[in-house]
Asks: 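Handing you a structure now.
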Number of protein chains: 2
Amino acid sequence: MERLDEYDLKILRILQKDSSMSTKKIASALNLTASPVYERIRKLEKEGYIKKYVALLNKKRINKPVTAICMVSLRYHNEGFIDKFDSQIRKLSEVQECYHMAGKVDFFLKINVSGLDEYHDFVRTKLSKIDNIGVLESYFVLKDIIDTTEFYF
Amino acid sequence: MERLDEYDLKILRILQKDSSMSTKKIASALNLTASPVYERIRKLEKEGYIKKYVALLNKKRINKPVTAICMVSLRYHNEGFIDKFDSQIRKLSEVQECYHMAGKVDFFLKINVSGLDEYHDFVRTKLSKIDNIGVLESYFVLKDIIDTTEFYF
DNA sequence: GGTGAAACCAATGTGCT
DNA sequence: AGCACATTGGTTTCACC
């Protein structure tokens, strides 16, 4: 599929809001029958538009109420050091997002923990043990204003 | 999560990795039958551990390859101004995450766009139109190192 | 590309242990 | 709490348009 038509876009918009909707229900929302919707969804999966289906959990309910944003800059910036940071940060399961950035800050991290004690422990025994960290600044989330996985199109 | 036993935790771990797994398949992974697994999943939904089920899309495939992190600080910090920022930022569909922070930076934003032109436009015609913004700093993602919705427990 | 029917199989509900 | 079985209803395929 080289290009998505309006039906495909609508299917993607629905599925990224609620993937538990049945093919039948999506079909009736689009004034189609189940078969073409079923085939389109399969195609969107196969061609990589849909990465995966997941359950989103309530972080407060599962005892990870504290979110921190952490900005990291390395001391040295040759390729080896960046790759080394990459491979070490991937092992830290508290990190939900980590982006390599352009500019003064090298990495943004989003970290979920049960409380400040666990965060302290995370920084002390895990994050700060990674080689070559120059600057490390932590910020705590007071309130989630927007937190979605949807893309607008 | 005092009320959750090891089965519940395993179910949550599976569903946040892949919610398209059938009840039967989850059951056989836990050495159980479908009925108790089905009832546990219902309970986890009803009691708010599971917020929703969604499809995660491939941002490059759907033409939103550029991610920016934006740090915003307000000029004035009385309650009215914070609420006003809150209600105005929610209307901007490019923003996938927005957190109200403790400390020097007031808000972190994650923004997805099709390219730098669209980002320029977003900042010029939408973000900078919000009242009371003091500092606005943008950073661009070079590479996603970790980008998951899973919580580790 | 879409429709509708048929076969198949998972989700769901009940009753037993 | 879990298991087994029955029913409902969604998924998937396919012949036809």
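Keep in mind the model is a prediction, meaning the values are calculated, not measured. Labels below follow one simple rule: chain letters A, B, ... track the order of the sequence lines, proteins then strands, and each chain is numbered from 1.
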Asks: In the hydrophobic cluster built from side-chain contacts under 4.5 Å, what are the other members alongside B:Leu142?
Replies: none

Asks: Could you give all pairs that pass the salt bridge (charged side-chain N to carboxylate O under 4.0 Å, His left out) test and reach residues 63-81 of chain B, with sequence neighbours left out?
Replies: B:Lys64-B:Glu118

Asks: If I take atom CZ in residue B:Arg40 and atom P in nucleotide D:dG2, what distance separates them, rounded to the nearest angstrom?
Replies: 4 Å

Asks: Using the heavy-atom set of chain B and a strict 4.0 Å cut-off, write down the first and last nucleotide of DNA chain C that makes it in, 5' to 3'.
Replies: C:dA10 to C:dG13

Asks: Heavy atoms under 4.0 Å is the rule here; annotate nucleotides 11-17 of chain D 5' to 3' with B where the base is hit, S where only the sugar-phosphate is, and - elsewhere.
Replies: BSB----

Asks: Which residues satisfy the ring pair (Phe, Tyr, Trp, His ring centres under 6.0 Å) test with B:Tyr7, sequence neighbours excluded?
Replies: none

Asks: Only pairs at least two apart or in different chains count here, so list each side chain to side chain donor-acceptor pair (under 3.5 Å) that has a residue in residues 135-147 of chain B.
Replies: A:Asp86-B:Lys143, A:Tyr99-B:Asp147, B:Lys59-B:Asp144, B:Tyr119-B:Ser138, B:Glu137-B:Tyr139

Asks: Identify, with sequence neighbours excluded, every residue that meets salt bridge (Lys or Arg N to Asp or Glu O under 4.0 Å) alongside B:Lys60.
Replies: none

Asks: For B:Glu39, enumerate each residue passing the salt bridge (Lys or Arg N to Asp or Glu O under 4.0 Å) test, keeping only those at least two apart in sequence or located in another chain.
Replies: none

Asks: Could you tell me the separation between the CD1 atom of B:Ile41 and the OG1 atom of B:Thr23, rounded to the nearest 0.5 Å?
Replies: 5.0 Å

Asks: Which pairs would a plain distance check flag for residues 123-130 of chain B, meaning a side-chain donor or acceptor within less than 3.5 Å of a matching protein atom at least two apart in sequence or in another chain?
Replies:
| from | atom 1 | to | atom 2 | distance (Å) |
| --- | --- | --- | --- | --- |
| B:Arg124 | NH2 | B:Asp121 | OD1 | 2.9 |
| B:Thr125 | OG1 | B:Asp121 | O | 2.8 |
| B:Lys126 | NZ | B:Glu94 | OE2 | 2.5 |
| B:Ser128 | OG | B:Val123 | O | 2.8 |
| B:Ser128 | OG | B:Arg124 | O | 3.0 |

